[in-house]
Amino acid sequence: MFKGPADNKTEAVMSELVPETRPKPAVPMKPVGKNPNLLGYIGIDTIIEQMRKKTMKTGFDFNIMVVGQSGLGKSTLVNTLFKSQVSRKSAGWSRDDKIPKTVEIKSISHVIEEGGVKMKLTVVDTPGFGDQINNENCWEPIEKFVSEQYEKFLKEEVNIARKKRIPDTRVHCCLYFISPTGHSLRPLDLEFMKHLSKVVNIIPVIAKADTMTLEEKIEFKQRVRKELEVNGIEFYPQKEFDDDLEDKTENDKIRESMPFAVVGSDKEYQVNGKRVLGRKTPWGIVEVENLAHCEFSLLRDFVIRTHLQDLKEVTHNIHYETYRAKRLNENGGLPPVSAENEESHDSNI
């Protein structure tokens, strides 16, 4: 059929109006699986062993703070936790020493080695806490100390010539000792945990649990949990930091058992032909590591065997990051000036 010039013009206009068909972009193939068939051994699985070797060489730090009024067995419990004389009282403290009139912060460090792994353990004690007639704001020196350790770490981080390994003095865990009254928490307990739970991982424990009957212990634990919930106090492990369902399931069981009702002792006794850590009473031996007697073993497994690394990570990723962001905001987005940076700045002027 013959096409005139008009027809050709119409075709040209139509071709301009109809969009050009383009090939669809190739959709990337979904991975076949988490472990596709490799042609041979690569060695990815050795990364865990590499990390283990490096940790064994360098060791690691763990800083634990103990807070509570005098006579609750704080030092004894820490010694029992680490099966060595690591508390301040174990190093030259005498019973004749007077209770300080204000809250003091005392630290003592030890290097503990087990199975080739070295840990620099620092125990931070708070003598004088809760021991005065007027205990108003006695938590402030402790909060100040915790913040000072964050500031120290931050200043090291922003140094121009930064250390390869920044000394970590940040408090990773705070064991708060509750008096075994069997009634309720004191206003001081609530005030302390309300303020400090925002800046440090608090683990509440009921001290000297052997002074209560089993029924009293169960009721007191329930009452403490309820009071903490009513006052909006979150202790470690905090629900909001559960990474996945597995973490949530495990941590829910722990939270239901808290606060742990514990007994500490660094003395051994013979029970049924075995040497056990315990406290001798007129009616028998209270075995520290026997779950039927107290919950010390639950606390030890929780703090050391399952959650020690997580305590360090929550300290770094949550509490320290919150402090760091606040300081940077206060400083207009600039890092705080350390002495080293100040000297460098002065030499450049």
Side-chain angles (χ1 to χ4, degrees), residues 51 55 58-67 74 78 81-82 86 105-112 117-126 139-158 162-177 192-205 228 233-244 247-248 250-251 254-255 258-260 299-329 335-336:
M51 290 165 71
T55 305
T58 58
F60 62 97
D61 302 306
F62 186 62
N63 308 318
I64 186 168
M65 177 183 267
V66 289
V67 181
K74 300 186 296 293
V78 172
L81 264 179
F82 296 98
V86 294
I105 311 291
K106 306 251 183 199
S107 299
I108 187 162
S109 297
H110 303 268
V111 174
I112 298 174
V117 179
K118 288 179 184 176
M119 177 175 81
K120 184 189 174 189
L121 173 71
T122 300
V123 180
V124 184
D125 198 359
T126 54
W139 46 266
E140 284 181 349
I142 298 169
E143 186 177 33
K144 183 172 177 254
F145 175 84
V146 171
S147 297
E148 282 171 354
Q149 308 321 302
Y150 291 146
E151 183 70 16
K152 201 185 287 185
F153 195 89
L154 178 58
K155 284 184 175 176
E156 286 285 356
E157 252 191 348
V158 300
R162 193 161 69 172
K163 291 174 184 171
K164 189 178 177 183
R165 192 178 178 204
I166 299 173
D168 189 3
T169 59
R170 297 169 298 178
V171 178
H172 302 124
C173 168
C174 172
L175 291 181
Y176 186 76
F177 287 69
F192 175 86
M193 287 190 269
K194 197 177 284 183
H195 284 89
L196 270 290
S197 61
K198 295 169 187 171
V199 296
V200 71
N201 296 316
I202 286 186
I203 298 175
V205 294
L228 293 174
I233 297 166
E234 280 216 355
F235 49 83
Y236 180 86
Q238 300 90 332
K239 290 179 183 177
E240 59 186 301
F241 304 148
D242 291 342
D243 289 332
D244 50 40
D247 270 4
K248 185 181 181 305
E250 183 186 356
N251 287 340
I254 292 165
R255 284 186 282 260
M258 292 175 80
F260 297 117
L299 174 67
R300 180 204 53 212
D301 292 354
F302 170 51
V303 171
I304 301 172
R305 300 181 184 180
T306 63
H307 283 68
L308 190 146
Q309 183 58 31
D310 189 63
L311 281 161
K312 287 167 67 73
E313 286 175 9
V314 170
T315 299
H316 182 74
N317 298 330
I318 307 296
H319 298 305
Y320 170 67
E321 277 303 314
T322 303
Y323 179 86
R324 180 177 167 276
K326 183 185 167 194
R327 287 288 283 117
L328 291 177
N329 283 332

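Nothing here was measured: the structure is a model prediction, and the numbers come from that model.
- In this structure, the separation between CD1 on Ile64 and CG on Leu121 is 7.0 Å, given to the nearest 0.5 Å.
- For the pair Tyr323/Glu151, a side-chain contact is recorded, criterion being any heavy-atom separation below 4.5 Å from C-beta on.
- Phe260 is not listed as a side-chain neighbour of Val303, based on a closest heavy-atom distance of 4.5 Å or more.
- With sequence neighbours excluded, the residues that form a ring-ring contact (aromatic ring centres under 6.0 Å, His included) with Phe62 are His172.
- In terms of modelled atom types and a separation under 3.5 Å, the side chain of Arg255 and the main chain of Pro237 share a donor-acceptor contact.
- Looking at residues two or more places apart in sequence or on another chain, you find a side-chain hydrogen bond (donor to acceptor under 3.5 Å, both in side chains) between Thr169 and Gln149.
- Partners of Lys248 by side-chain contact (heavy atoms from CB on, under 4.5 Å), not counting sequence neighbours, listed by chain and number: Asp242, Asp252.
- Listed by chain and residue number, Asn63, Ser107, Ser109, Lys120, Val124 satisfy the side-chain contact (heavy atoms from CB on, under 4.5 Å) test with Thr122 (two or more places apart in sequence, or in another chain).
- Proximity of His110 to Val123: side-chain heavy atoms (C-beta onward) are nowhere separated by under 4.5 Å.
- With rounding to the nearest 0.5 angstrom, the CZ atom of Arg170 is 9.5 Å from the CG atom of Asp61.
- Under a 3.5 Å cut-off, the side chain of Tyr236 and the backbone N or O of Val314 do not form any donor-acceptor pair.
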side-chain contact (heavy atoms from CB on, under 4.5 Å) assessment of Arg162 paired with Glu156: CA-CA 7 Å; Arg162 193 161 69 172; Glu156 286 285 356; 5.8 Å; no
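- The CD1 atom of Ile203 lies 12.5 Å from the CE atom of Met193; values are rounded to the nearest 0.5 Å.
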Going through the distances and angles, do Gln238 and Ile318 end up as a side-chain contact (heavy atoms from CB on, under 4.5 Å)? CA-CA 11 Å; Gln238 300 90 332; Ile318 307 296; over 6 Å; no
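- Between Phe192 and Ile233 there is no side-chain heavy-atom pair separated by less than 4.5 Å.
- Note: Glu240 CD to Glu234 CD = 5.0 Å, rounded to the nearest 0.5 Å.
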What verdict does the side-chain contact (heavy atoms from CB on, under 4.5 Å) test give for Val171 and Phe145, after you've listed the backbone C-alpha separation in whole Å, the side-chain angles of each residue and the deciding distance to 0.1 Å? CA-CA 9 Å; Val171 178; Phe145 175 84; 4.0 Å; yes
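- Closest non-hydrogen pair, Pro204 versus Pro259, comes out as O-CB, 3.3 Å.
- Taking CD1 from Ile202 and CE from Met65, the interatomic distance works out to 10.0 Å, rounded to the nearest 0.5 Å.
- With a 4.5 Å cut-off on side-chain heavy atoms, Ile108 and Val86 do not count as touching.
- Here Gln309 pairs with Lys312, Glu313 under the side-chain contact (heavy atoms from CB on, under 4.5 Å) rule; sequence neighbours left out.
- Residues that satisfy the ring-ring contact (aromatic ring centres under 6.0 Å, His included) test with Phe235, not counting sequence neighbours, are absent from this structure.
- Once rounded to the nearest 0.5 Å, the distance linking CG of Asp125 with NZ of Lys74 reads 6.0 Å.
- At a threshold of 4.5 Å between non-hydrogen side-chain atoms, the residues Ile304 and Phe82 count as touching.
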Applying side-chain contact (heavy atoms from CB on, under 4.5 Å), run through Val200 and Thr315 and close with a yes or a no. CA-CA 7 Å; Val200 71; Thr315 299; 6.0 Å; no
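- A search for salt bridge (Lys or Arg N to Asp or Glu O under 4.0 Å) contacts involving Asp310 returns nothing, not counting sequence neighbours.
- Put simply, the side chain of Asn201 reaches to within 4.5 Å of the side chain of His319, judged on heavy atoms.
- Side-chain atoms of Arg165 come within 3.5 Å of backbone atoms of Thr58 as a donor-acceptor pair (strictly under, hydrogens ignored).
- Under the rule for a ring-ring contact (aromatic ring centres under 6.0 Å, His included), the partners of Tyr320 that lie at least two apart in sequence or sit in another chain are Phe153, His316.
- In terms of the salt bridge (Lys or Arg N to Asp or Glu O under 4.0 Å) criterion, Lys239 has no residue partners (sequence neighbours excluded).
- Legend: residues meeting salt bridge (Lys or Arg N to Asp or Glu O under 4.0 Å) with Glu148, ordered by chain and number and at least two apart, are Lys144.
- With sequence neighbours left out, the salt bridge (Lys or Arg N to Asp or Glu O under 4.0 Å) criterion links Asp247 to no other residue.
- Residues meeting the side-chain hydrogen bond (donor to acceptor under 3.5 Å, both in side chains) test with Glu143, sequence neighbours left out: none.
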